[in-house]
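This report refers to the structure that appears directly beneath it.
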Amino acid sequence: MEPTFTVTEEQQLLRSMARELFEERGTSERVREVMLGDDGLDHEAWRQLAELGLTGLTIPEEYGGGGASHVELAIVFEELGKRLLPLPLLSTAVLGTEVVLAAGTDAQKKELLSGVASGSAQLALAHLDTAGRLAADPGVTATRDGDGWSLSGAAGYVVDGRTADVVVTAATTDDGLALFVVPGDADGLTREDVEVLDLTRPMATLTYGGVRVGDDAVLCGGDAVPALHRAIAVGCGMLANEQIGGADHVLRTTTAYARERMQFGRAIGSFQAVKHRLAEMLVKVESARSAAYHAARAIAEGDTAEIAVAVPLAKSYCSEVYEHAAADGIQLHGGIGFTWEHDLHLYSKRAKATKLLLGSPAHQRRLLADVLGFIAA
Amino acid sequence: MSTDERTLVEGKLDALLEAYPPADTSEREFWGAQFDHGLAWVQHPEGLGGLDVSPRWQALIDRRITEAGGSTRNRYLNVLGIGMGAGTLVAHTSPEFASRFLRPMFACEEIWCQLFSEPGAGSDLAALSTTAVKDGDTWIVNGQKVWTTLAHLAKWGLLVTRTDPDVPKHAGLTYFIVDMEGDGVDVRPLYQITGEAEFNEVYFDDARIPDEYRVGEVGQGWNVAMTTLMNERVAIGANVGPRGSGAISHAVEAFERRQAAAADGAGDPVSDHDLDRLMSHWIEAEALRLTAVRAGEARLAGTPGPEGSTMKLHWADLNQRTTSFAMDLLGAEGMTYPDGYEFTRPDETSNRTESVHRAFLRTRANSIEGGTSEIMKNILGERILGLPGEPRVDKNIPWRDVPRS
């Protein structure tokens, strides 16, 4: 596919709508209230997103969704990334939705995805072991148990895992890696919050003590890897867009501060040491933006060869740009940037956590090297 | 309106390609005919190489001509004339005056150069000190210009001079076109760190310029120069190369050579760290390339954003880092300069295939030429981000009183 960045009028409207929504809902006070609250997520705002059709944006219309593309969903991620309001967008609208779409039966899609679109079901994907590796041993194991299955073991780093209504769980079976639909309140399932670096995106450790599910809970019998890879790739593409939203916000707020903050009788932004650092941030944000938008476009077009290049590229580059932007943002703010009161630390923590979520930049570069055929010794 | 413009442009294109099939027409003859059909700078008025339509049609025209086997390399052989001089002449001189220069410019019968920078005026262009003194209806010019691309091939130069040292620096400048083959104009090669002389120094020793070759009013030279530089920005970055092209191709090539040598037992294997660094550079190069696509689309749509201004800075920095990394990959071979230092004077400003060694040296200029990275950062900070400027100590005092090195 040839890269293009043309924006339709509908996409511009969607952006304005999402921006207004998150500016209104995602105030600093509200973000802090939610992130320090019991649930860690803003369920009220999530219901509003559902009413606006944003929770099921990319779900096909036949399952109750909006039938839009990932370019549209990327716009929502970018705008949300500017505000950090804790919402289960990644877990539900991307990770959960994508595995169900990739591996589920028609009946499963109807049931689970219509719930996502209506806002009544929040999904999570438990695909990592407690060391953060992709469903390696010891992760979760599923064994035959009468006419159903019994799941035992533990999954780590499950985004929104403690509050999700449904946890799609990757588990090893005799036939390979499978996916099971596990209700969040299933007997024998223990869900514990991880003490996370980034309080605006909760994660949980899930312990499966012989959790029983029926045969109809099997989302994917033996070869779950393609479905997981699909979900992870889309997740990385969307996270890249969230990252440029965050980096752009840091750039804008830091620039505004540099215009206002006076020292030595001048706005600090008039000093080249400050100005040049902001200019460098702008340069990186604009290049990262191109990478993120292109990744979303590749996913939207369904061009698998291009997804394999564009997504790791975007996730790697946008991760590093966001991290540098957040670090420079703190530096340029001086002391106030180091306080809990100022929001910059939230962006800095989001930057570091999303960098490591769904595969670090080094991991992405390794994937890309394989795709491009570059091999070390 | 747009449909009408398309019909007009395509009609002219069809007529040009039918009457002057590129296969049977010499380059210069074709370019002359292209000018006559109004397809040289499509946004210019009729009679001056244009059709008075939106500049966005130029991309279509150039693509159609290329597809028909025609050449657009005049834009590059005479880049300073076609890319920068033409817009300046159209904006600031009479149609009668401009018309006698533009056709031979576009056909590359007369090459142009730009005489702006001086040894004492690089980033601070408005501080320049080459003087022009009125003598009857001619001007007498003395001084030195530097970093003049194509001066040794040029018939005409775009020249900014100081005509009034007693007013603040921007107000005392006047713009001319100068006959590079005239008396008192001496062009000398300026050898650079690659050993070649891509650029020249130009010395003016009582060179005479008729007043009719003045462009714009006396004292308005800064505004005219700004027109020239705005055209430069439009001319740069119009083409986006394929994925993997440019500086990154040197790093990839060096990496693969290392792999091949190691496979033959003739060198150390590349490490995981080398591979990771290669991918980092590759990723950044592709992000920048995508940004160029995005900037091009935004410009054509008439909604240019900050990405158009950030590219040059990123490009310069990335080129330097990438070619330096490529040299590191070469190991001991990075200590050599395989073609030797040749002290040649290239005839074209070329993007010819070159060794990684030369690219490594040449990219040092990327962050200096066309606006240093420091100045670019000021521009981004002040014009895009809206940050205040530095306090200026030279603003409201006569040029002659400003301290100079």
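Just so you know, these numbers come straight off a predicted model, no measurement behind them. Values below: every heavy atom of this structure, side chains too, minus hydrogens, waters and symmetry copies.
Looking at A:R366, only its side chain comes within 4.5 Å of chain B, counting heavy atoms on both sides. Proximity to chain A involves both the backbone and the side chain of B:S280, based on heavy atoms less than 4.5 angstrom apart. Only the side chain of A:E280 comes within less than 4.5 Å of a heavy atom in chain B; its backbone stays farther off. At a 4.5 Å heavy-atom cutoff, A:I268 makes no contact with chain B through either its backbone or its side chain. The parts of B:D276 that come within reach of chain A are both its backbone and its side chain, each placing non-hydrogen atoms under 4.5 angstrom from that chain. Looking at A:H276, both its backbone and its side chain come within 4.5 Å of chain B, counting heavy atoms on both sides. At a 4.5 Å heavy-atom cutoff, the contact between B:L290 and chain A is made by backbone and side-chain atoms alike. Interface remark: B:R258 contributes no atoms to any contact with chain A (heavy atom separation under 4.5 Å). Looking at A:V274, there are no atoms closer than 4.5 Å to chain B (heavy atoms on both sides), in backbone or side chain. For B:E390, the parts sitting under 4.5 Å from any heavy atom of chain A are the backbone and the side chain alike. At a 4.5 Å heavy-atom cutoff, the contact between B:E256 and chain A is made by side-chain atoms alone. No part of A:R252 comes within reach of chain B, as not one of its non-hydrogen atoms sits under 4.5 angstrom from that chain. Looking at A:T255, the atoms closer than 4.5 Å to chain B (heavy atoms on both sides) sit in the backbone and in the side chain alike.
Checked for salt-bridge contact, A:K82 and A:E23 miss the test: no charged N lies under 4.0 Å from a carboxylate O. Salt bridge annotation for B:R289-B:E286: present, with a cationic side-chain nitrogen under 4.0 angstrom from a carboxylate oxygen. In summary, A:R15 and A:E79 engage in a salt bridge, as defined by a charged side-chain N under 4.0 Å from a carboxylate O. A salt bridge is defined here as a Lys NZ or Arg NE, NH1 or NH2 lying under 4.0 Å from an Asp or Glu carboxylate O, and B:D62 with B:R75 meets this definition. Here B:E369 pairs with B:R362 in a salt bridge; the nearest charged N to carboxylate O distance falls below 4.0 Å. No salt bridge links A:E320 with A:K284; every basic N to acidic carboxylate O contact stays at or beyond 4.0 Å.
Most heavy-atom pairs under 4.5 Å with chain B, from the set A:R259, A:R289, A:K275: that is A:K275. For the set B:G244, B:A262, B:P391, the entry with the most heavy-atom pairs within less than 4.5 Å of chain A is B:P391. With chain B as partner, the option from A:H294, A:E286, A:Q272 having the largest number of non-hydrogen pairs under 4.5 angstrom is A:E286. Per-residue counts of heavy-atom pairs under 4.5 Å with chain A were compared for B:H314, B:E307, B:E297; the largest is that of B:E297. Of the listed residues (A:R277, A:Q364, A:E306, A:E2), the one with the most heavy-atom contacts under 4.5 Å to chain B is A:E306. Among A:G269, A:A279, A:S287, A:A291, the residue making the largest number of heavy-atom pairs under 4.5 Å with chain B is A:S287. Annotation: maximal heavy-atom pairing with chain A below 4.5 Å, among B:V293, B:N378, B:L313, B:D274, occurs at B:N378. Your options are A:V321, A:L368, A:V7, and the one with the most heavy-atom pairs under 4.5 Å with chain B is A:L368.
The cationic group of A:R266 lies under 6.0 Å from the six-membered ring centre of A:F271 and within 45° of the ring axis, placing it in a cation-pi geometry.
Using bins of under 30°, 30° to 60° and over 60° for the plane-to-plane angle, the ring pair A:Y293/A:F5 lands in the tilted bin. Below 30°, between 30° and 60°, or above 60°: for B:H170 and B:W222 the angle between ring planes is above 60°, a perpendicular geometry.
Of the options A:L57, A:I75, A:T58, a side chain to side chain contact (heavy atoms under 4.5 Å, CB included) to A:H70 is made by A:T58 and by none of the others.
Of the inter-residue distances, the one linking B:N366 atom CG with B:D317 atom CG reads 10.0 Å to the nearest 0.5 angstrom.
Closest heavy-atom contact between B:L387 and A:A258: CD2-CB, 3.9 Å.
No hydrogens or angles considered: a donor-acceptor pair under 3.5 Å links the side chains of B:S367 and B:Q320.
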